Structures are given as C-alpha cells and as structure tokens.
Amino acid sequence: DPNTVCCDETGMRILGGQWWFHVAVTERLTWLFAHQHRGHEAMDAAGILAHRPADSNTMHDGLKAYQKYPGRACLCNAHHERELADAAERTHQEWAQQLGDLLYEMNDAADAARAAGASEVAPELRAALRERYDDLIRTGLEQNPEKLPAPGRRRRPGQTKTRNLLERLDRDRDATLRFLDDLTVPFTNNLAESALRMLKVRQHISGSFRSSKGAERFATIRGYPQTARQQAQSLWEMLRSVVGGQPWEPDTG
C-alpha cells in the first residue's frame, strides 16, 4: 500500500570508511540510497520522508531519526519478538512469552480480517486484545520495578534491559500495534530488510566499495529490477528495454 512505506538502513564499507545504505519500500516500489550518515542528514538528502503525508505510515526499527518526519510511526514486531524471547530466557517471567504470543495472535486477527475482505479488525476483538496487552505490560513493569535515584541525586539511574523494553512497549504501544488498527500496515519490517539482504551478499562476495559513485550506482541499479519484480514485470523484458534505449518506467501510483 503506498500509504505505508517500510524503511531500514545497513552499514557498508565505502572508500575505507563507514557509510550507510538506506531503503524505502512499498508493496510496489523499492528505492535504495547510499550516504555517509545513518540519521536525518541522509534522510533529508534522500528527499522522501520529509514529503510524506501526515496521515501516512512509516515502518521502521525505532531509530530516533525517523521521528523527525511526518507520518505515523509503525514499529517492527520481529524485533519485539526477539527482545521478548530474550527477556523470557533471562528473567524466566511468564509475561514475556505471553506478550510475544499475544503479538502473533493479534497478527492472526489482522490476517483473518484481510482474508475476509474486512476494512478493520472487529472493534470488540481489537479492544479485548489491547486490554490483554495493557495487562501484560502492567505485570511486566510490576515484576521489573524502576530503579530510583540515590538519596540526594536527581539523575535517573540506568534501567535493566527488560525494564527498558517494557517502557518502550508501554510508551510506543500505538506504533507497536499499528498493524492491528490499520490493515495496510505489515506486522514486521520484512519488506525493507529483504531489500537490503542483497547488499550483505554483495559485501560477503566482493567486499567494500572503492568509490562513492560505485555505491550510488549499485543502489540505483539494485532498486530498479526489484521494483520491476514487485510490479510483475519480466526481468528479461525489463533488461531488453534498458539495452534498447527505452527503459521500462515503473508505475508510481
């Protein structure tokens, strides 16, 4: 859905230094961009997120730089599932596994609604699922109490890894559960992560890029056939159109 864009970034060695490849993906379009920075400097240079409508959705992994831009945040629940599994293993507290299971149950409800042609998960079911989410977060916070400042000190001490996770899931519940409230939003950021996977394969085989131009051209070339595949175009015919001087143009609608 063009209303939802999935974003991600990954590090790459270019010119002997650390650069970043950024990706923005919808169901029908893939765009890659190489830049020296990971945060908003690169995102500003890319010129995509700054122009997104305020009612659009941006899926990402929680990097703070994304908060600068318009649109509703959507957080990747594959990341949350891994963190909850880690919390369950470390703390042996039941809420962590139960919350991970609940997120998948919510995803099943969203999938079922889409399969039935519904525009949303039934409000009463959505409310019941959210209430269970709230209860599990509350239980987790009670079992992992906040560390308070020492007497005479104002600065809040560092919290445990589990407490930090719970506070994020509590604070960002709307972004975490966007997939339940809006059926155009995916459960995970897999679209963006998959688009970056070939970069890691390329790095493993060929190593780093020797020039920024080479990295930029690779990003442009890589996004083009991926977009063609998303739009059900023959890669062979797409390549023939490029060689023939009349390159296929993707539908950006």
Side-chain angles (χ1 to χ4, degrees), residues 2 4-52 56-71 73-76 78-79 82-83 186 188-252:
T4 299
V5 61
C6 298
C7 300
D8 202 0
E9 64 290 325
T10 189
M12 184 73 72
R13 300 290 293 178
I14 301 175
L15 292 170
Q18 178 79 342
W19 281 52
W20 296 87
F21 275 91
H22 295 257
V23 66
V25 188
T26 68
E27 288 287 349
R28 292 175 55 79
L29 297 166
T30 294
W31 175 90
L32 284 159
F33 179 69
H35 198 274
Q36 287 177 285
H37 298 286
R38 185 184 187 188
H40 59 78
E41 297 96 333
M43 297 172 190
D44 286 345
I48 291 180
L49 295 181
H51 303 290
R52 297 279 293 163
S56 64
N57 301 308
T58 303
M59 167 71 74
H60 54 82
D61 59 5
L63 186 68
K64 287 185 178 180
Y66 290 112
Q67 297 176 5
K68 173 184 175 181
Y69 302 99
C74 315
L75 296 178
C76 175
H79 286 75
R82 289 192 291 268
E83 290 180 283
T188 73
N189 201 22
N190 187 57
L191 274 178
E193 292 177 1
S194 296
L196 290 174
R197 204 160 291 145
M198 185 54 67
L199 285 165
K200 292 303 184 183
V201 174
R202 194 267 181 204
Q203 184 179 40
H204 179 72
I205 295 172
S206 303
S208 63
F209 289 91
R210 295 184 179 180
S211 73
S212 58
K213 285 292 184 185
E216 291 164 2
R217 288 168 181 164
F218 180 89
T220 300
I221 292 170
R222 179 63 197 160
Y224 186 62
Q226 178 64 22
T227 295
R229 185 179 292 109
Q230 288 173 276
Q231 298 196 14
Q233 298 296 312
S234 162
L235 293 184
W236 171 247
E237 293 299 329
M238 180 271 294
L239 289 172
R240 285 186 62 182
S241 74
V242 172
V243 174
Q246 294 183 317
W248 167 78
E249 294 185 9
D251 177 8
T252 59

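Just so we're clear, the structure is a prediction, and the values are computed from it rather than from any experiment.
Taking each heavy atom of W31 and A46 in turn, the nearest pair found is CH2-CB, 3.2 Å. Across A192 and V25, no two heavy atoms sit closer than the pair CA-CG2, 4.0 Å. Residue Q18 comes nearest to G11 through the heavy atom pair NE2-CA, 3.6 Å, listed as atom of the first residue, atom of the second, then distance. Contact record, S211 with L15: CA-CD2, 3.7 Å, taken as the closest heavy-atom pair. Residue P225 comes nearest to L235 through the heavy atom pair O-CD2, 3.6 Å, listed as atom of the first residue, atom of the second, then distance. Residues I48 and A24 come closest through the heavy atom pair CD1-CB, 4.3 Å.
Using a distance-only test at 3.5 Å, with no hydrogens or angles considered, a donor-acceptor pair links the side chain of T227 to the main chain of T30. Under a 3.5 Å cut-off, the side chain of Y224 and the backbone N or O of W248 do form a donor-acceptor pair. Judged purely by atom type and a 3.5 angstrom limit, S241 uses its side chain to pair as donor or acceptor with the backbone of M238. Judged by distance alone, the side chain of Q231 and the main-chain N or O of D251 form a donor-acceptor pair under 3.5 Å. No side-chain donor-acceptor contact under 3.5 Å links H79 to the backbone of H60.
Rounded to the nearest 0.5 Å, atoms CD (Q230) and CZ (R28) are 9.0 Å apart. Atom CG of L191 is separated from atom CD of Q226 by 9.0 Å, given to the nearest 0.5 angstrom. Here the straight-line distance linking atom NE2 of H37 with atom CH2 of W19 works out to 9.0 Å at 0.5 Å rounding. Going from atom NZ of K68 over to atom CG of L63 covers 12.5 Å, rounded to the nearest 0.5 Å. In this structure, the separation between NE2 on H22 and CG on D8 is 10.0 Å, given to the nearest 0.5 Å. The SG atom of C74 sits 12.5 Å away from the CG atom of D61 when rounded to the nearest 0.5 Å.
More than 12 non-hydrogen atoms from other residues, nucleotides or ligands lie less than 6.0 angstrom from CD of E237. Residue R210 qualifies as open at atom CZ: its count of foreign heavy atoms under 6.0 Å is 12 or below. In the displayed structure, R229 atom CZ is contacted under 6.0 Å by more than 12 heavy atoms of other residues, nucleotides or ligands.
Side-chain contact between C7 and L49 is present, with at least one heavy-atom pair separated by less than 4.5 Å. Side-chain contact between L32 and L196 is present, with at least one heavy-atom pair separated by less than 4.5 Å. Residues T10 and E193 are not in side-chain contact: their nearest non-hydrogen atoms beyond the backbone lie 4.5 Å or more apart. Side-chain atoms of M59 and V5, non-hydrogen and from C-beta on, never get closer than 4.5 Å to each other. F209 places none of its side-chain heavy atoms less than 4.5 Å from the side chain of R217.
The side chain to side chain contact (heavy atoms under 4.5 Å, CB included) test with Y69 is passed by exactly one of H51, R52, M43: M43.
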Q: Applying side chain to side chain contact (heavy atoms under 4.5 Å, CB included), run through L75 and Y66 and close with a yes or a no.
A: CA-CA 11 Å; L75 296 178; Y66 290 112; over 6 Å; no

